Undergrad: 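Below you'll find the structure I mean.
Order of the sequence lines fixes the chain letters, A, B, ..., with proteins taken first and strands second; residue numbering starts at 1 for each chain. Only this structure's heavy atoms are used, side chains among them; waters, hydrogens and symmetry mates stay out. Model, not experiment: these values are computed from the prediction.
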Amino acid sequence: MTAEDILRRALADAARAMGAPDDFQAQLERPRDPAHGDWASNVAMNLARVLKRKPLDIANDVVARLDVQQAGVREAYVAPPGFINFRMAAGAEAARLRDVIAAADTYGRSDDGKGEGVNVEFVSANPTGPLHVGHGRQAAIGDTVATLLEATGWKVTREFYYNDAGVQIANLALSVQARVRELHGETSPIPEGGYHGEYIRDIARDYANAHPDDAMAGNLDQVREFAVAALRREQDLDLQAFGVQFDVYYLESSLYTEGKVDETVKLLVAAGHTFEKDGAMWLRTTDYGDDKDRVMRKSDGTYTYFLPDVAYHVSKWRRGFHRAINVQGADHHSTVTRVRAGLQALGMGIPEGYPEYELHQMVTVMRNREEMKISKRAGSYVTVRDLIDEVGRDAVRYFLLMRKPDSPLVFDIDVARSQSEENPVYYVQMAHARVCGIFRVGERDPAGVTGEGIDYTQLASDEERELVKALLGYPALVTAAARTRSPHLVTQYLLDTARLVHTWYHKHHVLGEAAELQEARLTLARAAMVVLRNGLALLGITAPERM
RNA sequence: GCGCCAGUAGCUCAGUUGGAUAGAGCAACAGCCUUCUAAGCUGUGGGUCGGGGGUUCGAUUCCCUCCUGGCGCACCA
């Protein structure tokens, strides 16, 4: 049990002894200002109302009841308006660096999820072109959320949903057809809603070579299959370059071929939430919070996109995922209510909040202080590949994760490619490399530094105490980031921790100090290495040992 | 018009279930390389947390309202 746990329990026990409710939870936090101690609690203020007493009096009573020597507390005192502050004994916190080092790669992991399954769906691009920056943001967020969940004890399935059955795919086929005909000197316009990127010409050329018998690309089914396969391959390469791997690729077309769409319609009709109007079949989504009812089968007999979406989520549920997270662009937020309404209408016992959505705002790419909108290959948008080629995978991932998903993101290529202090990803990696450098220069094997037999009171400076606190706070950070699905908390944490490492490194020398001090500092360096490495690993970013 | 998201330092953004004097990076200015990586460090200046109400011991955080910006409001996906 950590000092934090002991304190929390002691506070809650004292509070209950004074009349607090049985389920009372004591809050404990790291004060922003070190002058307020190493830990602080506001239990007295929270209890003031219930106990009908002044916070200061309560605080004093609580302190009088505490016996927290075992947690390493040197001093507990009260500060107005009723905070209880704790100061830890010298070396008491640093001694836990031993645990950090012992846990190594597993430091920060927990069993929050208790091994339960969760499906994380992201990217889910239509196979109609290379992945764009928005997909990149989604890939980075989705992959990292998945990793965070794995790190906190969930059994994660990464899933990619291919919309390979809609109107857009038909347009893709027609676009390729037009380019094939162009190869033979025909002027054949790209249809309305078609695709103009250079990659369409590549596919057309490949198709012509592969199917000389179909010179004018008259076999649209064949063209479509060819084009979809080509683009799926291309997207796979994009994802591979970005370091993202999926467990399941789910094809929208399979929902039709396996009869799941028809089945869903039947279930919805049977459940009594549908009606016919103007030759179309509607779902009464207003029963579930939508502002208007939605067409599910158009008057021409085809389905609107949201019906297969509902069928798809039924599939997730039936595959045993009682938790599903969809990472999508915020421009799709209107689907949230609809899909959930469809699932509710089925009356299958699927919870109201299923699936969860993690919606992210748009990405704009800047270069030379101007918005960059075109890519050579894709034409009308910047691709993930463009970015990776320009600034490298690590920087792309880090930059796309820096902001909380709710914020629009500005990707500044000039900053991302600069190898200087203004680039946060290098700043963090550099902190790791510097610490590694100590071991290299000192010809010490990091694995030999276990933290055993160390005099932790040696780590007494402000810089060391702050760094120790940051390193010890890592597991809580991972838990919080996973629970709130917030990768940006990790980038923020790494930046903060890297700063503490750099400051410490600059101010305190390790090699050549008196033996006890040197060993204590090596232990701190080793622990910092572990945390930076693990944190970067969560983001899918490398932790170089030298730069 | 309706819905969702945002509005915090010159710029880009954090701010954990409401806590103590609101933070970081960049930019600006002034310093630091015979010392484990200067891809680094130190210091300085910089704020009506969009406006106005409310809840409370306490609000950037919760509620209401208004303003501004982005996105979405199809028998498109």
Side-chain angles (χ1 to χ4, degrees), chain A residues 25 27 29-33 35-36 40-42 45-46 48-49 54-55 79-83 85 126 128 163 166-169 193 252 277-282 290-292 294-306 308-309 329-337 359-362 366 402-410 412 415 418-427 429-431 433-442 476-477 479-481 483-484 486 488-489 491-493 495-496 499 501-513 518 521-522 525 546-547:
Chain A
Q25 298 280 320
Q27 289 182 34
E29 62 180 15
R30 289 287 194 183
R32 197 169 305 165
D33 186 345
H36 294 134
S41 177
N42 60 356
M45 273 104 81
N46 290 337
R49 174 115 25 117
K54 289 181 183 162
F83 286 102
N85 296 336
N126 297 341
T128 55
N163 295 100
V167 180
Q168 290 165 8
I169 299 301
E252 181 188 7
K277 195 179 93 180
D278 304 332
M281 183 186 284
W282 300 62
D290 204 353
D291 54 352
K292 55 182 95 162
R294 305 291 170 177
V295 170
M296 45 189 258
R297 195 177 62 207
K298 297 184 256 181
S299 52
D300 68 2
T302 62
Y303 297 111
T304 56
Y305 76 95
F306 102 96
D309 248 17
D331 54 337
H332 286 80
H333 79 248
S334 59
T335 70
V336 176
T337 313
L359 302 181
H360 65 85
Q361 298 291 325
M362 302 293 107
M366 302 293 284
M402 262 194 312
R403 309 303 176 209
K404 66 178 173 195
D406 281 339
S407 288
L409 188 146
V410 177
D412 190 327
V415 173
S418 79
Q419 302 201 344
S420 75
E421 58 189 334
E422 64 182 320
N423 190 338
V425 64
Y426 282 107
Y427 186 84
Q429 289 181 317
M430 184 62 195
R434 273 187 145 173
V435 167
C436 290
I438 298 173
F439 289 91
R440 190 170 53 245
V441 172
L477 176 275
T479 306
R483 285 187 185 159
T484 59
S486 304
H488 73 281
L489 293 180
T491 61
Q492 192 80 20
Y493 171 86
L495 197 61
D496 289 343
R499 195 182 62 256
V501 168
H502 283 305
T503 301
W504 169 76
Y505 178 93
H506 185 261
K507 192 152 181 178
H508 304 284
H509 215 253
V510 178
L511 301 175
E513 297 291 329
Q518 170 178 298
R521 287 187 173 159
L522 275 173
R546 62 196 311 168
M547 295 175 73

Undergrad: Is H509(A) stacked on the base of C36(B), with ring centres under 5.5 Å apart and planes under 30° apart?
TA: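 Stacking is present between C36(B) and H509(A), given that their ring centres fall under 5.5 Å apart and the planes under 30°.
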Undergrad: What nitrogen or oxygen pairs link the protein and nucleotides 73-77 of chain B at under 3.5 Å?
TA:
| from | atom 1 | to | atom 2 | distance (Å) |
| --- | --- | --- | --- | --- |
| C75(B) | O2 | S299(A) | N | 2.8 |
| C75(B) | O2 | S299(A) | OG | 2.8 |
| C75(B) | N3 | S299(A) | OG | 3.4 |
| C75(B) | N4 | D278(A) | O | 2.9 |
| C76(B) | OP2 | K298(A) | NZ | 2.5 |
| A77(B) | OP2 | Y305(A) | N | 3.0 |
| A77(B) | N6 | Y305(A) | OH | 3.1 |

Undergrad: Got F306(A) and M296(A) here, is their nearest side-chain heavy-atom distance under 4.5 Å?
TA: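 Yes, their side chains come closer than 4.5 Å.
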Undergrad: Test of understanding: with side-chain contact (heavy atoms from CB on, under 4.5 Å), list the residues that count as partners of D300(A), not counting sequence neighbours.
TA: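 In terms of side-chain contact (heavy atoms from CB on, under 4.5 Å), with neighbours along the sequence ignored, D300(A) is linked to K298(A), T302(A).
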Undergrad: Students often get this wrong, so: under 4.0 angstrom with heavy atoms, is H508(A) touching a base, only sugar-phosphate, or nothing?
TA: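 If one applies the 4.0 Å heavy-atom cut-off, H508(A) turns out to touch a base.
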Undergrad: Starting at the 5' end of RNA chain B, write a dot or bracket for each base, bracketing those in Watson-Crick or G-U wobble pairs whose two distances are under 3.5 Å and using | for partners on another strand.
TA: (((((((..((((.....[...)))).(((((.......))))).....(((((..]....))))))))))))....
Undergrad: Between N or O atoms, less than 3.5 Å apart, protein on one side and nucleotides 20-23 of chain B on the other: list the pairs.
TA:
| from | atom 1 | to | atom 2 | distance (Å) |
| --- | --- | --- | --- | --- |
| A20(B) | N6 | N85(A) | OD1 | 2.7 |
| A20(B) | N1 | N85(A) | OD1 | 3.3 |
| A20(B) | N1 | N85(A) | ND2 | 3.1 |

Undergrad: Strictly below 4.0 Å: does R434(A) bring a side-chain N or O up to OP1 or OP2 of A38(B)?
TA: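 So the side chain of R434(A) is within the cut-off, an N or O lying under 4.0 Å from OP1 or OP2 of A38(B).
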Undergrad: Taking the minimum atom-to-atom distance to the side chain of H333(A), which one of G72(B), G15(B), U37(B) wins?
TA: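 The answer is G72(B).
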Undergrad: Report the residues that fulfil side-chain contact (heavy atoms from CB on, under 4.5 Å) with H506(A), sequence neighbours left out, ordered by chain and then residue number.
TA: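 Partners of H506(A) by the side-chain contact (heavy atoms from CB on, under 4.5 Å) criterion come out as none, since no residue qualifies.
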Undergrad: Looking only at the side chain of Y426(A) (C-beta and beyond, no hydrogens), which of the listed nucleotides A39(B), A6(B), C36(B) gets closest?
TA: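 For the Y426(A) side chain, the nearest candidate turns out to be A39(B).
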Undergrad: Among all residues two or more places apart in sequence or in another chain, which pass the side chain to side chain donor-acceptor pair (under 3.5 Å) test with S486(A)?
TA: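 Once residues adjacent in sequence are excluded, the partners of S486(A) under the side chain to side chain donor-acceptor pair (under 3.5 Å) criterion are T484(A).
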Undergrad: Output the single nucleotide from G40(B), G19(B), G25(B) whose closest atom is nearest the side chain of L495(A).
TA: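 Of the candidates, G25(B) comes closest.
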Undergrad: Report which part of the nucleic acid A431(A) touches: base, sugar-phosphate, or nothing (heavy-atom distance under 4.0 Å, all strands).
TA: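 Answer is nothing: A431(A) stays at 4.0 Å or more from every strand.
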Undergrad: Using a heavy-atom cut-off of under 4.0 Å over every strand shown, decide if D290(A) touches base, sugar-phosphate, or nothing.
TA: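 Contact class for D290(A): none.
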Undergrad: Could you tell me which residues satisfy side chain to side chain donor-acceptor pair (under 3.5 Å) with H36(A), sequence neighbours excluded, listed by chain and number?
TA: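 With sequence neighbours excluded, H36(A) shows a side chain to side chain donor-acceptor pair (under 3.5 Å) to no residue whatsoever.
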Undergrad: I want to verify a distance call: between C71(B), C5(B), A14(B), whose nearest atom is closest to the D406(A) side chain?
TA: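 Nearest to the side-chain atoms of D406(A), counting from C-beta on, is C5(B).
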Undergrad: Check salt bridge (charged side-chain N to carboxylate O under 4.0 Å, His left out) between K54(A) and all other residues, then give those that pass, not counting sequence neighbours.
TA: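 By the salt bridge (charged side-chain N to carboxylate O under 4.0 Å, His left out) rule, K54(A) matches no residue at all.
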Undergrad: Let me have a per-nucleotide readout for nucleotides 28-34 of chain B, 5' to 3', with B, S or -, counting only protein heavy atoms under 4.0 Å.
TA: -------
Undergrad: Among residues at least two apart in sequence or on other chains, which ones pass side-chain contact (heavy atoms from CB on, under 4.5 Å) with Q492(A)?
TA: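 Q492(A): side-chain contact (heavy atoms from CB on, under 4.5 Å) contacts with D496(A).
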Undergrad: When you measure from the side chain of S407(A), which nucleotide among G19(B), C57(B), C13(B) comes out closest?
TA: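 Selected nucleotide (nearest to the side chain): C13(B).
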Undergrad: Taking only the C1' atom of each, what is the distance from U60(B) to C33(B) in whole angstrom?
TA: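 Roughly 42 Å separates the two C1' atoms.
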Undergrad: Going by the rule side chain to side chain donor-acceptor pair (under 3.5 Å), which residues pair with N85(A) if we only count those two or more places apart in sequence or in a different chain?
TA: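 With neighbours one apart ignored, the set is empty.
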Undergrad: Polar atom pairs between nucleotides 8-12 of chain B and protein, under 3.5 Å, N or O only, would you list them?
TA:
| from | atom 1 | to | atom 2 | distance (Å) |
| --- | --- | --- | --- | --- |
| U12(B) | O2' | R403(A) | NH2 | 2.8 |

Undergrad: Mind checking if K54(A) touches a base, just sugar-phosphate, or nothing, with heavy atoms under 4.0 Å?
TA: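 Nothing: the residue K54(A), judged by heavy atoms under 4.0 Å, touches no strand.
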Undergrad: Within the 4.0 Å heavy-atom criterion, would you say L489(A) contacts the bases, only the backbone, or no part of the nucleic acid?
TA: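 Since only primed, P, OP1 and OP2 atoms lie under 4.0 Å of L489(A), the category is sugar-phosphate.
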